[in-house]
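These values consider heavy atoms only, across backbone and side chains, with no hydrogens, waters or symmetry-generated copies.
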Amino acid sequence: MHECCGGFGHIDMSKAEFPLPVEQLSQWLTDSVNWTDANLYIALACIVFNPTFWNVVARREHRTRFLTRACCGSAHGACYALAIAILLLGFYRDYRFLEAMRSQPRVPLLDRGAPVYAAGLALVSLGSLLVLASFWALGITGTFLGDYCGILMDGKAAGFPFSVTDNPMYWGSTLNFLGCSLMQASPAGIILTCGVAISYRVAIAFEGPFTRAIYEQRNVGLKRR
């Protein structure tokens, strides 16, 4: 892992203190990243690809039931197949994220021992809590787009962590990436985390209305009975 002994560019970050002005922080992030490193772009590609993949595949499944047919008519089989694909892609994305951080510089501003590391650990703990609590509340089919496969929940999850945020799985995962970035003193990790947050925000914009439409269609059908 490369070490950054001072600031890249115009800012001597070895002497910098928190908090930084927004302009200086932006300059620091830009100057502290090796933009020629292929690992950075591979990780970013994985980050963008994953939510795109599961949205495209899940919507196609909703329209055509191609996964259900491939699983001998089993909607649960289709959901489990999608879950395995999402998990494998997630593991590979996380691996590429870690590889990108390992190949990038650590910087003195973040590499200051216990305080920053503890903050990162706290973020990872909070993020993991949101992710695990969300999985516990939704189960496999609720977590991995079972409603797109025709497996609908009785109602919207309302308890923790959904009482804190509507999308705890996404934002918990984002906190995990940010926490790991702080623990590794990696500005590249922070920038990739921004990519994670943007990708998830776009995914939410597509998934939210589509999922609501699925349940509204179900409710209309129930009222007609």
Side-chain angles (χ1 to χ4, degrees), residues 1-55 86-131 167-205:
M1 186 179 297
H2 300 293
E3 294 288 338
C4 173
C5 297
F8 288 80
H10 306 294
I11 304 174
D12 182 4
M13 298 311 299
S14 62
K15 299 178 181 179
E17 297 291 342
F18 287 112
L20 291 174
V22 173
E23 297 82 2
Q24 193 174 4
L25 178 59
S26 176
Q27 184 67 48
W28 167 66
L29 285 171
T30 301
D31 291 345
S32 299
V33 174
N34 176 11
W35 295 100
T36 64
D37 180 17
N39 288 306
L40 184 71
Y41 299 102
I42 294 172
L44 183 60
C46 292
I47 287 168
V48 173
F49 175 79
N50 284 16
T52 304
F53 167 83
W54 70 61
N55 269 286
I86 292 172
L87 287 172
L88 290 176
L89 287 171
F91 291 146
Y92 184 69
R93 176 203 57 191
D94 294 349
Y95 166 74
R96 298 310 318 187
F97 180 83
L98 292 174
E99 284 297 298
M101 287 198 297
R102 291 190 185 105
S103 66
Q104 289 280 330
R106 295 170 68 106
V107 297
L109 179 62
L110 295 178
D111 199 10
R112 291 186 172 181
V116 173
Y117 190 90
L121 185 60
L123 289 174
V124 169
S125 299
L126 177 58
S128 298
L129 175 62
L130 291 175
V131 169
N167 300 280
M169 185 73 71
Y170 285 158
W171 301 129
S173 179
T174 303
L175 290 178
N176 285 341
F177 282 108
L178 180 57
C180 286
S181 300
L182 293 179
M183 293 168 70
Q184 294 296 320
S186 176
I190 294 175
I191 289 176
L192 289 173
T193 299
C194 292
V196 170
I198 293 170
S199 295
Y200 281 161
R201 186 65 189 88
V202 172
I204 291 168

Enquirer: Could you check whether any side-chain heavy atom of I190 comes within less than 4.5 Å of a side-chain heavy atom of F177, counting everything from C-beta outward?
Expert: no
Enquirer: Are any of the side-chain heavy atoms of F49 and L89 separated by less than 4.5 Å?
Expert: yes
Enquirer: As an exercise, state the distance from CD1 of I86 to CZ of R93, rounded to the nearest 0.5 Å.
Expert: 10.5 Å
Enquirer: Charged N to carboxylate O under 4.0 angstrom, E99 versus R96?
Expert: no
Enquirer: Give me the atom names and distance for the closest heavy-atom approach of T174 to A197.
Expert: CG2-CB, 4.0 Å
Enquirer: Which atom pair, heavy atoms only, marks the closest approach of L192 to A100?
Expert: CD1-CB, 3.8 Å
Enquirer: Can you name the one residue among I47, N50, L44, L178 that meets side chain to side chain contact (heavy atoms under 4.5 Å, CB included) with V196?
Expert: I47
Enquirer: Which pair of non-hydrogen atoms, one from W35 and one from L40, has the smallest distance, and what is that distance?
Expert: CE3-CD2, 3.8 Å
Enquirer: For S199, run the side chain to side chain contact (heavy atoms under 4.5 Å, CB included) check against C46, C194, P51 and tell me which one passes.
Expert: P51
Enquirer: Tell me the closest heavy-atom pair linking F97 and C180, and the distance in Å.
Expert: CE2-CB, 4.4 Å
Enquirer: Measure across L175 and L130 and return the closest heavy-atom pair with its distance rounded to 0.1 Å.
Expert: CD1-CD1, 4.1 Å
Enquirer: Are any of the side-chain heavy atoms of L123 and N176 separated by less than 4.5 Å?
Expert: no
Enquirer: Does I204 form a side-chain contact (heavy atoms from CB on, under 4.5 Å) with Y170? I'd like the steps, not just the answer.
Expert: CA-CA 9 Å; I204 291 168; Y170 285 158; 3.4 Å; yes
Enquirer: Test of understanding: with side chain to side chain contact (heavy atoms under 4.5 Å, CB included), list the residues that count as partners of D37, not counting sequence neighbours.
Expert: N34, N39, S103, Q104
Enquirer: Check the orientation of W171 and Y200. Use parallel for under 30°, tilted for 30 to 60°, and perpendicular for over 60°.
Expert: perpendicular
Enquirer: Do you know the tightest heavy-atom contact between M101 and Q184?
Expert: CE-CG, 3.8 Å
Enquirer: Under a 3.5 Å distance rule, please check whether S173 uses its side chain to pair with a backbone N or O of M169 as donor and acceptor.
Expert: no
